[in-house]
Amino acid sequence: MRIGFIGLGRMGAGMAANLLKGGHEVTVFNRTPGKAEGLVERGARVAACVADACRGDAVVTMLADDDAVQGVVFGEKGVIANLPNDAIHVSMSTISVALAERLTTAHANAGQRFVAAPVFGRPDLAATAKLFIVAAGASDAVGACLPLFEVMGQKTFPIGNEPKAANLVKLSGNFLIASVIEGLGEAMALISKAGVDRRRYLDLLTSTLFRGPVYKTYGALIAEENFEPPGFAAPLGHKDIRLTLDAAETLRVPMPFAAVLHDRFLTLLARGGEALDWSAIGRLAAQDAGQEKR
């Protein structure tokens with residue numbers, strides 16, 4: 001397929017590279033042109049503007065937040081104004097449910113197709129094509145995108161015909177991950193203040209009760225206090241919990257622990273944690289308990 005790829009951050013660069021490996025013709029665009037150099041060496045073309053990345057069968061956006069997505073999608077030089085009729089915009093960013101609804105309507109009015117396909121996985125999984133992809137949209141559009149998803153991820157989960165459903169599922173998943181991070185942080189603060197080694201404690205947990213990759217990955221980051229460089233930056237975690245609460249308010253679903261997590265991220269950011277991984281909220285409990293940084 002002829003693909004445009006917009007957004008070459010730590011996630012997007014690996015995903016675009018895997019599309020090239022899969023034999024697709026890829027044109028990339030990023031606000032910082034230098035990030036495309038490695039992909040050019042692998043055969044990618046560089047678009048001079050967003051419009052130049054929208055000439056093919058589909059355009060993929062992998063951007064930080066709602067503002068970034070709206071900035072490249074709307075307007076005379078944006079995706080909607082330049083994507084061919086019946087072509088597909090594949091939004092793989094973690095965005096609000098409200099924006100997903102707006103994009104669905106705008107693309108339909110322009111005679112284009114829209115698929116929401118946010119991903120679970122950190123940059124290492126993006127680079128090795130091991131992402132889990134949650135896809136939603138019209139069945140024909142999702143089906144047309146499967147060759148792309150197959151080379152970027154290890155499994156795709158079609159979740160329904162309404163694109164916004166994929167974004168809601170993604171937000172709910174990030175809420176659960178953040179809940180695990182907070183729980184691990186509090187538990188490790190408790191045992192470590194009593195003199196128990198955090199690494200041995202983590203080995204016990206992940207060898208018995210909690211064998212999932214979320215516990216292993218984030219437990220290790222917290223035990224080692226390895227929060228730099230960020231695989232997923234703290235401001236993005238804060239943003240995702242805020243969007244979860246927005247969706248919960250719209251649907252009238254009380255989520256009291258999501259409100260706690262929102263405040264934990266706000267505390268981390270207030271203490272200067274903007275450049276840290278979002279798992280750094282797992283350090284707050286130890287700080288609250290008066291434990292010095294390791």
Side-chain angles (χ1 to χ4, degrees), residues 11 62-69 91-101 116-123 125-126 131-136 153 155-157 159-160 162-189 205-206 209-222 227 230-270 273-274 276-285:
M11 294 291 290
M62 187 60 179
L63 299 160
D65 53 28
D66 281 25
D67 288 344
V69 172
S91 172
M92 305 191 78
S93 311
T94 302
I95 59 174
S96 68
V97 172
L99 179 55
E101 291 179 318
V119 303
F120 287 109
R122 289 169 67 87
L125 297 187
L131 295 170
F132 294 102
I133 299 171
V134 183
K155 188 170 184 179
T156 299
F157 297 86
I159 209 74
E162 294 189 35
K164 66 179 181 181
N167 296 107
L168 185 62
V169 168
K170 168 62 175 173
L171 292 171
S172 73
N174 278 13
F175 158 72
L176 289 172
I177 295 171
S179 301
V180 168
I181 293 170
E182 176 65 20
L184 281 168
E186 292 182 19
M188 286 192 186
L205 290 181
T206 56
L209 300 175
F210 304 104
R211 297 186 179 187
V214 170
Y215 284 90
K216 293 179 180 179
T217 297
Y218 289 104
L221 292 175
I222 296 168
F227 306 130
F232 186 68
L236 297 178
H238 177 247
K239 176 263 297 182
D240 288 353
I241 297 303
R242 176 176 53 78
L243 295 182
T244 301
L245 285 168
D246 288 346
E249 183 170 353
T250 299
L251 293 168
R252 295 186 177 180
V253 177
M255 296 184 72
F257 197 64
V260 171
L261 290 171
H262 180 272
D263 285 350
R264 295 303 265 173
F265 278 110
L266 198 58
T267 298
L268 178 62
L269 297 176
E274 289 88 351
L276 300 179
D277 191 84
W278 72 324
S279 58
I281 65 164
R283 170 66 188 160
L284 294 177

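What you are looking at is a predicted structure, and each value in this text was computed from that prediction instead of being measured.
Nearest heavy-atom pair across Leu261 and Ser179 is CD1-OG, 3.5 Å. Considering every non-hydrogen atom in both Phe265 and Ala234, the closest pair reads CD2-O, 3.9 Å. Shortest non-hydrogen contact noted between Arg211 and Lys216 is O-CE, 3.2 Å. Of all heavy-atom pairs spanning Pro163 and Ala116, the tightest one is O-CB, 3.3 Å. Closest approach of Asn167 and Ser93 over heavy atoms only: ND2-O, 3.7 Å. Residues Pro118 and Ala166 come closest through the heavy atom pair CG-O, 3.5 Å.
The side-chain hydrogen bond (donor to acceptor under 3.5 Å, both in side chains) check on Ser96 picks up Asp66, with sequence neighbours excluded. For Leu168, the side chain to side chain contact (heavy atoms under 4.5 Å, CB included) partners at least two apart in sequence or on another chain are Val97, Ala247, Leu251. By the salt bridge (charged side-chain N to carboxylate O under 4.0 Å, His left out) test, Asp240 is found to be paired with no residue, residues two or more places apart in sequence or in another chain being considered. Applying the side-chain hydrogen bond (donor to acceptor under 3.5 Å, both in side chains) rule to Arg122 yields the partners Tyr218, Asp277; only residues at least two apart in sequence or on another chain are considered. Not counting sequence neighbours, the partners of Thr244 by the side chain to side chain contact (heavy atoms under 4.5 Å, CB included) test are Leu171, Phe175, Met255. For Glu162, the side chain to side chain contact (heavy atoms under 4.5 Å, CB included) partners are Lys164, not counting sequence neighbours. Residues satisfying the ring-ring contact (aromatic ring centres under 6.0 Å, His included) test with Phe210, not counting sequence neighbours, are Tyr215. Judged as a ring-ring contact (aromatic ring centres under 6.0 Å, His included), and not counting sequence neighbours, the contacts of Phe232 are Trp278. By the side chain to side chain contact (heavy atoms under 4.5 Å, CB included) test, Asp263 is found to be paired with no residue, residues two or more places apart in sequence or in another chain being considered.
Between the CG atom of Leu221 and the CG atom of Leu276 there is a distance of 11.5 Å, given to the nearest 0.5 Å. To the nearest 0.5 angstrom, Lys155 atom NZ is 13.5 Å from Phe120 atom CZ. Residue Leu269 holds its CG atom at 6.0 Å from NE2 of His238, rounded to the nearest 0.5 Å. Rounded to the nearest 0.5 angstrom, Glu182 CD and Ile281 CD1 are separated by 5.0 Å. Ile181 CD1 to Leu176 CG: the interatomic distance, rounded to the nearest 0.5 Å, is 11.0 Å.
Inter-residue side-chain proximity for Met62 and Val119 is flagged as met; some heavy-atom pair is nearer than 4.5 Å. Here the side chains of Thr94 and Leu236 are not in contact, with every heavy-atom distance at 4.5 Å or above. Ile177 has its side chain within reach of Asn174: a pair of non-hydrogen atoms, C-beta onward, lies under 4.5 Å apart. Between Leu131 and Met11 there is a side-chain heavy-atom pair separated by less than 4.5 Å. Proximity of Leu243 to Lys239: side-chain heavy atoms (C-beta onward) are separated by under 4.5 Å at one or more points. With contacts defined as side-chain heavy-atom distances shorter than 4.5 Å, the pair Lys170/Val134 does not qualify.
Residues in residues 248-261 take part in no side chain to side chain donor-acceptor pair (under 3.5 Å) pair, two or more places apart or across chains.
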*Under the side chain to side chain contact (heavy atoms under 4.5 Å, CB included) criterion, do Ile133 and Met92 qualify, and how do the steps go?*
CA-CA 9 Å; Ile133 299 171; Met92 305 191 78; 4.2 Å; yes

